[in-house]
Amino acid sequence: MQQPNGIPPQATAETATTATTRLATSRTLPLQTHDLGTFDDLVDLVSGGGVVVLSGAGLSTESGIPDYRGPDGTRRVEPMTYGEFAGSSEARRRYWARSYIGWQRFNAAAPNEGHRVVTDLQRAGYVGPIITQNVDGLHQASGATDVIELHGSLDRAVCLTCGEYTSRIGLHERMTEANPGFMDRFAEAAHAVGSQWGEQVRPDGDIVLADALVESFHPPRCLVCGHDTVKPDVVFFGESVPKAVVEQCFTLVEGAGAVLVLGSSLSVMSGYRFVRRAHQRDVPVAIVTRSATRGDAEATLRLHAPLGPTLTELRHALGH
């Protein structure tokens, strides 16, 4: 039985609220950070091979995609939740209007040196599978293989009503046709208030947008069933990562020589649980990020440092 908005019963806001209680979506972290171990210890750990990388939004900041969180782990902005998105056509209109603008800058981002080093270390045999919390596809763009997208990818969209998948590029072209002049109107509004819109892009391609512009936007509809329930194929806040993906990642972590966390505060349980599992199985955990993380207590090694320079130095120390 379909709901009035075309979304199956299991995808209602009530269900999403239940899912939210299972995930920690915001957590204040200590402002004081202390390294545990040294850079040489990191070199020794990675040189042993069998490293599973767990990457977060901090790895992509040097590509111009800002993180959600400040140094204390608190979110700077509140992303749209699954419950909101599934709950009304107006929420979906708001999401797609903002995403239509933000995705253009997001899609233009290129891999940075951190991504390239991870790829180089994978090719050299030190790094195995990569578990990423990011939805930007930059690991793959840098040439990495065996990448598990924990939270999905913005390259795709899926209809919540009939399950039809479509490419994000094709969806963007359809929205452009349905909204002639929208980008120009946005640019005029941004210029009037002195906004540098490109600096407001979020890790999911979303962006700040005035209500008046949102109201004029025509959101996409599914080409198969005609409903307006098209959603990016990513895990929103309030959704759960598919169980099969979680189990696959647990298996990889349990068999790893070490887990290397890059650029994640681990504030969300979807990533933190793998650090917990590694700690429980006596698998060494190294964390390299600028801020404190939720997993600091379980870490074997912690370095609070910029990722690009640190990873570049790591590659050099390993002779690559």
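Residues meeting the side-chain hydrogen bond (donor to acceptor under 3.5 Å, both in side chains) test with Thr289, sequence neighbours left out: none. Under the rule for a side-chain hydrogen bond (donor to acceptor under 3.5 Å, both in side chains), Thr166 has no partner lying at least two apart in sequence or in another chain. The side-chain hydrogen bond (donor to acceptor under 3.5 Å, both in side chains) search around Arg123 returns none, not counting sequence neighbours.
A salt bridge is absent between Glu298 and Arg276: the closest approach of a Lys/Arg side-chain nitrogen to an acidic carboxylate oxygen does not fall below 4.0 angstrom. In this structure, Arg92 pairs ionically with Asp228, as a charged nitrogen and a carboxylate oxygen lie closer than 4.0 Å. Under 4.0 Å is where a charged nitrogen must lie from a carboxylate oxygen, and between Arg93 and Glu90 at least one such pair does. In this structure, Glu239 pairs ionically with Lys231, as a charged nitrogen and a carboxylate oxygen lie closer than 4.0 Å.
Counting only distance, with no hydrogens or angles, the side chain of Arg302 and the backbone of Asp296 share a donor-acceptor pair below 3.5 Å. Of the possible polar contacts, none joining the Ser153 side chain to the Glu149 backbone as a donor-acceptor pair under 3.5 Å is found. At distances below 3.5 Å, at least one donor-acceptor pair connects side-chain atoms of Arg294 with backbone N or O atoms of Ser267. Of the possible donor and acceptor atoms, one in the side chain of Glu62 sits under 3.5 Å from a partner among the backbone N and O of Gly308. Side-chain N or O atoms of Asp136 include one that pairs as donor or acceptor with a backbone N or O of Leu138 at under 3.5 Å. With hydrogens and angles disregarded, no donor-acceptor distance shorter than 3.5 Å links the side chain of Asp233 to the backbone of Gly152.
Residues Leu307 and Leu42 are members of one and the same hydrophobic cluster, defined by side-chain heavy-atom contacts under 4.5 angstrom among Ile, Leu, Val, Met, Phe, Trp and Tyr.
When the options Phe182, Trp103, Trp96, Phe106 are evaluated for a ring pair (Phe, Tyr, Trp, His ring centres under 6.0 Å) with His172, the one that passes is Trp103.
When ring centroids are compared, Phe250 and Phe274 come within the 6.0 Å threshold. Taking the ring centroids of Tyr95 and Phe236, they lie under the 6.0 Å cut-off.
Between the CD atom of Gln133 and the CG atom of Leu59 there is a distance of 11.0 Å, given to the nearest 0.5 Å.
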